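In this chain, numbering begins with 1 at the start of the sequence shown. None of the values given here were measured: they were computed from a predicted structure.
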Amino acid sequence: MPRSKALPAELDPCARQLVEQLRRLKDHSELTMRQIAAKTGYSTKSWERYLGGTVLPPQEAVEALARITGADPVPLFALHEIAADTRDSRRAKAVVQPRSTAQPQQGQPQPGQRRQEGEGREEGEQEQQATSAGPLPEVPATPVALTSPPATGPAPGRFPHFALTACVVALTVALLAALLLMLRLDEDGAPAAVAAAPRTTAASPPSYTCRITRVDGGWSAGVNNGRNSEISYGATGADVAEAQCLLRRAGISPGGIDGMFGPLTLRAVKTFQQRAGLDVDGMLGPRSWKALRG
């Protein structure tokens with residue numbers, strides 16, 4: 001499997017943790033970008049930007065990826081919310097530099113120059129008057145009170161303390177959830193299905209219900225009207241859902257009953273073929289269907 005590109009160095013820590021979790025789910029599911037785009041309703045280019053760290057994915061995309069991989073979306077939602085708040089906070093704190101003051105026109109004397117010239121003329125006139133009128137009496141110097149400028153308050157902090165604390169807590173929760181998910185996958189080979197709210201932006205996959213009964217001496221799930229069509233990895237539809245129901249009846253979990261011949265269903269088919277003494281090729285042909293329905 002190709003190695004993922006390095007994330008941008010300026011990426012926020014919470015956003016970086018979210019992208020790493022999404023990458024881990026993709027790699028563990030062994031799904032390609034095209035398959036993820038077909039199952040989630042978001043384009044391949046969008047997922048390349050999401051998993052590359054250039055664009056923060058919407059919450060619906062995070063939920064869809066968690067649903068098709070069987071992951072718990074709650075830690076991912078926490079990371080996404082903090083990353084979005086941090087992004088909005090940084091945008092709000094952008095300061096526009098004040099415009100520089102206008103320069104005086106060439107040839108026009110500045111206020112300071114006019115003041116100095118006026119003071120020079122006054123000093124010249126005073127010297128002439130002092131020379132003609134004689135020495136002036138000495139005047140004791142009086143101290144001049146200097147007013148200090150008003151004190152300014154401390155500059156506000158660039159990053160709120162509560163946001164940093166929430167980010168650390170979310171990172172800890174996400175790591176624990178990823179560890180639990182890996183342990184569950186190692187134990188039973190299939191993550192528990194997570195119920196997700198219906199989305200309006202992309203079409204939801206069809207749902208199937210297993211109704212295991214005996215028909216003409218064989219098992220049937222009542223999904224594909226008893227067809228024994230040959231199917232393999234990547235297939236979709238009622239035939240795949242029928243096989244998933246019969247695999248679950250045989251005590252082998254194919255993941256969810258979603259009608260998608262993905263990595264979990266492929267592993268369940270190979271396990272069943274090995275138990276039944278068939279060729280372990282991962283394809284459901286006439287012999288495998290007969291064993292499933294027997």
Any idea which heavy atoms bring [X] and [Y] closest together, and the distance?
X	Y	value
P8	R16	O-NH2, 2.6 Å
I82	C14	CG2-SG, 3.4 Å
E63	F77	CB-CZ, 3.8 Å
G53	L11	O-CD1, 3.5 Å
G52	L7	O-CD2, 3.7 Å
A221	L246	N-CD2, 4.3 Å

Decide yes or no for [X] and [Y]: does some side-chain heavy atom of the first lie under 4.5 Å from some side-chain heavy atom of the second?
X	Y	answer
L22	P57	yes
L79	V62	no
Y42	P58	yes

Donor-acceptor pair, distance only, cut-off 3.5 Å: does the side chain of [X] make one with the backbone of [Y]?
X	Y	result
Q274	V280	no
R248	G255	yes
W289	S229	yes

Carefully, step by step, assess D281 and Q273 under the rule side-chain contact (heavy atoms from CB on, under 4.5 Å).
-> CA-CA 8 Å; D281 55 3; Q273 289 175 337; 3.1 Å; yes

How many angstroms lie between [atom1] in [X] and [atom2] in [Y], if you round to the nearest 0.5 Å?
X	Y	atom1	atom2	value
L284	L292	CG	CG	6.0 Å
T69	H28	OG1	NE2	10.0 Å
T32	K26	OG1	NZ	7.5 Å
I36	L51	CD1	CG	6.5 Å
R249	C210	CZ	SG	11.5 Å

Report whether [X] and [Y] are members of the same hydrophobic cluster (ILVMFWY, side-chain heavy atoms less than 4.5 Å apart, transitive linking).
X	Y	value
L18	M33	yes
L247	I212	yes
L264	V240	no
Y233	I252	yes
M260	L266	no

Heavy atoms from other residues, nucleotides or ligands near [atom1] of [X] exceed 12 (cutoff 6.0 Å):
X	atom1	value
E48	CD	yes
D279	CG	no
R34	CZ	no
R211	CZ	no
D88	CG	yes

Only one of K290, E242, R287, R293 clears side-chain hydrogen bond (donor to acceptor under 3.5 Å, both in side chains) with N228; which?
->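 The residue from K290, E242, R287, R293 that satisfies side-chain hydrogen bond (donor to acceptor under 3.5 Å, both in side chains) with N228 turns out to be R293.
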
salt_bridge(D12, R87) N-O dist < 4.0 Å = no

Intermediate values then yes/no, side-chain hydrogen bond (donor to acceptor under 3.5 Å, both in side chains), D258 and Q244 = CA-CA 8 Å; D258 54 4; Q244 291 173 336; 3.2 Å; yes

Yes or no on side-chain contact (heavy atoms from CB on, under 4.5 Å) for L65 and Y50, after CA distance, side-chain angles and deciding distance?
-> CA-CA 11 Å; L65 184 59; Y50 299 158; over 6 Å; no

side-chain contact (heavy atoms from CB on, under 4.5 Å) between L76 and L25, worked out | CA-CA 11 Å; L76 301 177; L25 293 179; 3.9 Å; yes

Which is it for L56 and H80 under the side-chain contact (heavy atoms from CB on, under 4.5 Å) test, yes or no, and what are the steps along the way?
-> CA-CA 8 Å; L56 183 66; H80 183 276; 4.2 Å; yes

Hydrophobic cluster (4.5 angstrom, side-chain heavy atoms) - remaining members for Y208 |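 Same cluster as Y208: V223, I257.
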
